[in-house]
Amino acid sequence: MNIREITDNKKQYLSLLLLADEQENMIDRYLERGTMYVLEDEGIKCECVVTDEGDGILEIKNIATDSDCQRRGYGKIMLEFIAEKYKDRYDILQVGTGDSPLTIPFYENCGFAYSHRIKNFFTEHYDHPIYENDVQLTDMIYLRKGL
């Protein structure tokens, strides 16, 4: 297993990026300014894009695990890698996600706690309704953990 930084041609991983953020123009808002990593284990299994949000905050803008490889620990390994890599440069690691019973517990199990919410984020910024587990996402939920 190997995690490496991607510096060129980040869009070659678009199919994986779209698993976590299903509208390409939203990905375009952060992809080039973000730092991207991929986890390889006999092929690409997981990717993550992080951005410097100022004030000691590093934000996970996109993290996705290949659909055939989910629930095998790749996402958790990626988050642990990010936390370890950036612990001396940032105070807080944060992530924004939909209010979903699938994703919130994952982040909580990785040590994140609720921080705040942005009302109607998904309905105002996406050109189509986004559903997860048959529930329409409306608010962006931010979770944080100290580094």
Side-chain angles (χ1 to χ4, degrees), residues 1-55 57-83 85-86 90 92-145 147:
M1 189 176 320
N2 178 50
I3 297 176
R4 64 183 172 90
E5 183 176 346
I6 303 299
T7 56
D8 298 322
N9 196 15
K10 295 175 185 177
K11 283 262 186 135
Q12 70 181 309
Y13 301 98
L14 186 61
S15 62
L16 200 51
L17 290 160
L18 287 167
L19 290 177
D21 195 345
E22 61 184 64
Q23 191 166 303
E24 188 173 350
N25 71 333
M26 294 297 282
I27 294 169
D28 290 340
R29 292 181 176 192
Y30 57 78
L31 188 58
E32 286 311 310
R33 74 179 179 94
T35 304
M36 181 179 201
Y37 298 93
V38 295
L39 184 153
E40 298 170 309
D41 187 15
E42 297 181 19
I44 304 296
K45 305 298 187 204
C46 182
E47 64 75 26
C48 183
V49 178
V50 295
T51 59
D52 181 336
E53 296 301 309
D55 297 325
I57 299 172
L58 182 70
E59 184 167 333
I60 298 165
K61 290 292 193 181
N62 192 308
I63 182 168
T65 300
D66 182 274
S67 299
D68 294 333
C69 302
Q70 293 177 356
R71 302 200 191 308
R72 295 187 193 169
Y74 291 119
K76 185 174 184 182
I77 289 166
M78 180 65 84
L79 289 177
E80 290 170 351
F81 168 83
I82 296 294
K85 180 166 186 67
Y86 290 99
Y90 293 89
I92 295 169
L93 181 59
Q94 81 176 10
V95 62
T97 189
D99 193 1
S100 165
L102 297 177
T103 55
I104 301 289
F106 166 74
Y107 289 114
E108 289 174 336
N109 288 337
C110 292
F112 289 80
Y114 176 83
S115 170
H116 61 283
R117 99 176 30 227
I118 298 176
K119 297 290 260 176
N120 301 314
F121 180 87
F122 291 100
T123 54
E124 292 176 2
H125 292 90
Y126 285 79
D127 63 11
H128 64 283
I130 297 177
Y131 292 89
E132 190 167 298
N133 209 27
D134 295 326
V135 175
Q136 184 177 355
L137 302 182
T138 55
D139 299 346
M140 173 81 79
I141 308 298
Y142 276 90
L143 299 107
R144 290 181 167 182
K145 80 183 238 177
L147 292 179

Any donor-acceptor N/O pair, [X] side chain to [Y] backbone, under 3.5 Å:
| X | Y | value |
| --- | --- | --- |
| Q23 | D127 | yes |
| N62 | L17 | yes |
| D55 | I57 | no |
| K10 | M36 | no |
| E59 | T51 | no |

Are the side chains of [Y] and [X] in contact, using a 4.5 Å heavy-atom criterion?
| X | Y | answer |
| --- | --- | --- |
| V135 | D99 | no |
| V95 | T103 | no |
| I60 | T97 | no |
| Y107 | K145 | no |
| L39 | F81 | no |
| K11 | E24 | yes |

Going by side chain to side chain donor-acceptor pair (under 3.5 Å), name the pairs with one or both residues in residues 114-123, residues two or more places apart or in two chains.
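As it turns out, the side chain to side chain donor-acceptor pair (under 3.5 Å) pairs with a partner in residues 114-123, which skip direct neighbours, are R117-D139.
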Which pair of heavy atoms, one from [X] and one from [Y], lies closest together, and at what distance?
| X | Y | value |
| --- | --- | --- |
| L102 | E132 | CB-OE2, 3.5 Å |
| L137 | G98 | CD1-CA, 3.9 Å |
| D66 | L19 | CA-CD1, 4.2 Å |
| Q70 | T65 | NE2-O, 3.0 Å |
| M140 | F122 | CA-CE1, 3.9 Å |
| C46 | I63 | SG-CG1, 4.2 Å |

Please name the residue in the list I44, V49, V38 that meets the side-chain contact (heavy atoms from CB on, under 4.5 Å) test with I6.
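Between I6 and the candidates, side-chain contact (heavy atoms from CB on, under 4.5 Å) is satisfied uniquely by V38.
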Got a second to check how far [X]'s [atom1] is from [Y]'s [atom2], nearest 0.5 Å?
| X | Y | atom1 | atom2 | answer |
| --- | --- | --- | --- | --- |
| D21 | L31 | CG | CG | 10.5 Å |
| S100 | I141 | OG | CD1 | 10.5 Å |
| I27 | E22 | CD1 | CD | 9.5 Å |

Checklist entry - So, R33 and E53, do they make that salt bridge, N to O below 4.0 Å? => result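 A salt bridge is present here (some side-chain N lies under 4.0 Å from a carboxylate O).
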ask   = Around D8, counting heavy atoms of other residues, nucleotides and ligands shown, do more than 12 lie under 6.0 Å from its CG?
value =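 For D8, atom CG is not crowded (no more than 12 foreign heavy atoms under 6.0 Å).
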CG of N2: more than 12 outside heavy atoms within 6.0 angstrom?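 Yes, because the 6.0 Å sphere around CG of N2 holds more than 12 heavy atoms from other groups.
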Q.
My understanding is that only residues two or more places apart in sequence, or in another chain, count here; which of them pass ring-ring contact (aromatic ring centres under 6.0 Å, His included) with Y30?
A.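 If we apply the ring-ring contact (aromatic ring centres under 6.0 Å, His included) test to Y30, skipping adjacent residues, there are no hits.
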* According to the interplanar angle, ranging from 0 to 90°, do the rings of H125 and F121 count as parallel (below 30°), tilted (30 to 60°) or perpendicular (above 60°)? ->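 Parallel, since the angle between the ring planes stays under 30°.
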